[in-house]
Amino acid sequence: MTGLARQLEALLFLSPEPLPLVALCELTEEAPGAVQRALEELGERHGPDSGLEVVEVAGGFALRTRADLAEICDRLRERPPEDRITPAGLETLAVVAYLEPISRPQISRLRGVAADSTVASLVERGLLEEAGRPAEGGAMRYRTTPLFQERFDLRGPGDLPPLERFELSGPEAERVRRRLVEAGHLPADAGGDDG
Amino acid sequence: MTGLARQLEALLFLSPEPLPLVALCELTEEAPGAVQRALEELGERHGPDSGLEVVEVAGGFALRTRADLAEICDRLRERPPEDRITPAGLETLAVVAYLEPISRPQISRLRGVAADSTVASLVERGLLEEAGRPAEGGAMRYRTTPLFQERFDLRGPGDLPPLERFELSGPEAERVRRRLVEAGHLPADAGGDDG
Amino acid sequence: MAAPDALQQPMELDLFEGPFDLLLTLVLREEVDLLELPLLEVVRGALGEQARERWDAETAGELIVLLAAMAELKARLLLGEPIDEEPDPDALEARERLAARLIAYAPFPRAAAWLAERARDSAGPRYRRVPLEGAAPPPAPREPPEALVAAMRALLVAPPAPSLAHLTNRVSVPEAIGRLQAALARASSVSFDALTAGAGRLEEAVTLIATLELARRGEVTLAQAEPFGDIAIVGRRP
């Protein structure tokens with residue numbers, strides 16, 4: 001392969017859209033004639049024997065998969081997405097599910113880890129959503145979504161398995177405990193080492 | 001090219017992420033041995049003479065442009081400004097890569113410096129991720145990500161030179177010990193192997 | 001032209017990743033004198049006000065012991081010790097631990113250098129990363145609701161209570177320096193033992209670091225009549 005054909009192969013490989021001849025000439029700083037000859041060379045390289053082809057389409061040139069491979073390409077598209085929930089994501093979802101609505105700083109405080117990027121990614125994936133700011137002002141609060149409930153096989157918001165232990169102490173922990181009890185996730189007598 | 005190699009070429013071309021061997025076997029409904037042979041065939045087709053290469057990276061196989069074409073590729077698609085990793089970041093990545101999963105206090109203890117902001121920034125940049133807490137509770141642990149493996153061209157987690165390669169040599173370690181422990185106590189030629 | 005004397009070169013602390021990095025470099029590069037170790041900045045970098053780490057008690061405690069061993073090492077070099085003297089077993093153990101820690105730490109800066117080189121070597125290739133288009137992907141797999149309980153439980157269970165003993169009477173090095181300077185304003189010479197009478201091990205270590213820092217700055221000279229004896233801190237008057 002000539003150096004120019006190699007360059008064109010890399011460019012067509014990377015570009016999400018067809019690249020017009022003018023663009024290819026500008027990028028490679030070569031004359032149209034030379035580029036066209038190199039495109040022909042590239043077309044021969046990607047012949048019927050290979051999995052890809054060089055085509056002129058929509059006013060430009062593109063590298064794409066060959067038509068007879070459509071079925072296998074569809075299998076890739078239909079593959080379930082790698083949508084695993086990370087431990088950080090799971091922990092954040094649990095905190096929001098049990099204590100919603102809850103703000104990002106509150107989540108971070110409880111987890112002892114910054115929660116910003118985790119919350120953002122869960123919102124993007126549709127598992128969390130914004131639930132407004134408190135009337136008295138303050139940080140945006142979050143709650144779980146119907147998609148979250150579906151994913152975890154829950155009948156609705158608040159349909160969560162009960163918690164049984166609570167060992168944290170301090171004023172902040174007491175607020176968390178009261179909220180869990182009020183929502184019915186924790187028996188009223190759980191935890192509290194004042195026995 | 002065999003039919004299987006053609007299919008693999010199409011799949012690696014389309015997939016936005018490296019595809020693990022298992023995924024390739026599932027998609028093509030072929031045995032690992034056959035897929036591996038076809039990958040080799042594909043690798044030979046995309047030799048140094050071409051613009052692309054087949055690589056094993058970040059737990060899977062990928063098709064990518066060859067290193068020497070970086071300049072022309074970046075003319076097409078402006079590369080985001082290089083987010084330089086600081087020396088502290090690199091050292092933290094090295095610690096996590098070899099000892100994962102590892103918690104922030106453990107990293108700090110090993111390095112003798114606060115790792116708080118460094119870890120947060122590496123998580124933010126997608127090079128580290130949370131790996132859950134130990135079953136008995138405690139600090140969140142971290143591990144490296146596929147993006148880390150891609151950035152450092154590693155085939156998967158643990159694709160690193162053995163740590164022993166970086167350890168101090170026997171005489172070096174002895175020098176450290178002697179200078180710290182025996183300094184001021186023994187003449188330079190005393191001690192050592194008088195057993 | 002002769003190379004500048006390494007001893008006259010100020011240590012560029014910014015170049016180091018922390019106390020272990022600094023100490024390891026100094027120990028391996030014998031031309032730099034351990035006496036030049038700017039302990040105050042090392043301590044401040046590791047534990048001081050600029051370090052934003054929320055240190056857990058165990059880590060902080062261990063680090064303080066190791067830093068104290070560094071201070072002790074410097075004191076020993078500064079004051080000198082007779083060759084034939086039997087060293088204090090406690091001090092010896094602390095030094096052994098410091099040495100073991102440095103040896104354990106050593107591979108990681110080197111591994112980091114390997115990573116840096118690796119990143120340079122693999123900066124060329126570009127990935128296509130064009131998102132797949134076509135039919136919407138099928139829904140993600142279900143997760144058991146019990147996973148939520150387990151994740152929540154980990155947060156509601158109290159972690160094993162760490163000992164906070166060595167953090168309760170926390171003394172800062174700048175405070176110790178201030179106190180020492182105030183004492184020297186009243187008297188020309190101060191006894192280290194008197195200064196630290198009734199103090200805990202941490203406070204003693206911090207006072208020692210402060211003393212060595214003032215010696216490094218040239219504000220005081222130190223004298224010790226016998227090994228492990230009292231140190232006389234004598235102020236330098238212009």
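The figures that follow rest on heavy atoms only: side chains count, while hydrogens, waters and symmetry mates do not. Letters go in sequence order (proteins before strands), and every chain restarts at 1. This structure is a prediction, so every number in the text was calculated from the model and none was measured.
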Between chain A and each of C/Pro145, C/Ala147, C/Pro131, count heavy-atom pairs under 4.5 Å; write down the option with the most.
->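 Most heavy-atom pairs within the cutoff with chain A belong to C/Pro145.
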May I ask you to decide whether [X] forms a salt bridge with [Y], counting only side-chain N to carboxylate O separations under 4.0 Å?
X	Y	answer
A/Glu182	A/Arg179	no
A/Glu130	A/Arg141	no
C/Asp121	C/Arg118	no

Side chain, backbone, both or neither: which part of [X] has an atom under 4.5 Å from a heavy atom of chain C?
X	answer
A/Leu76	both
A/Phe13	both
A/Leu154	side chain
A/Pro162	backbone

With a 4.5 angstrom heavy-atom cut-off, which part of C/Pro144 approaches chain A: side chain, backbone, both or neither?
-> backbone
Would you say the side chains of C/Glu219 and C/Gln181 form a donor-acceptor pair under 3.5 Å?
-> yes
Look at the side chain of A/Arg66 and the backbone N and O of A/Gly47, then say whether any donor-acceptor pair between them is shorter than 3.5 Å.
-> yes
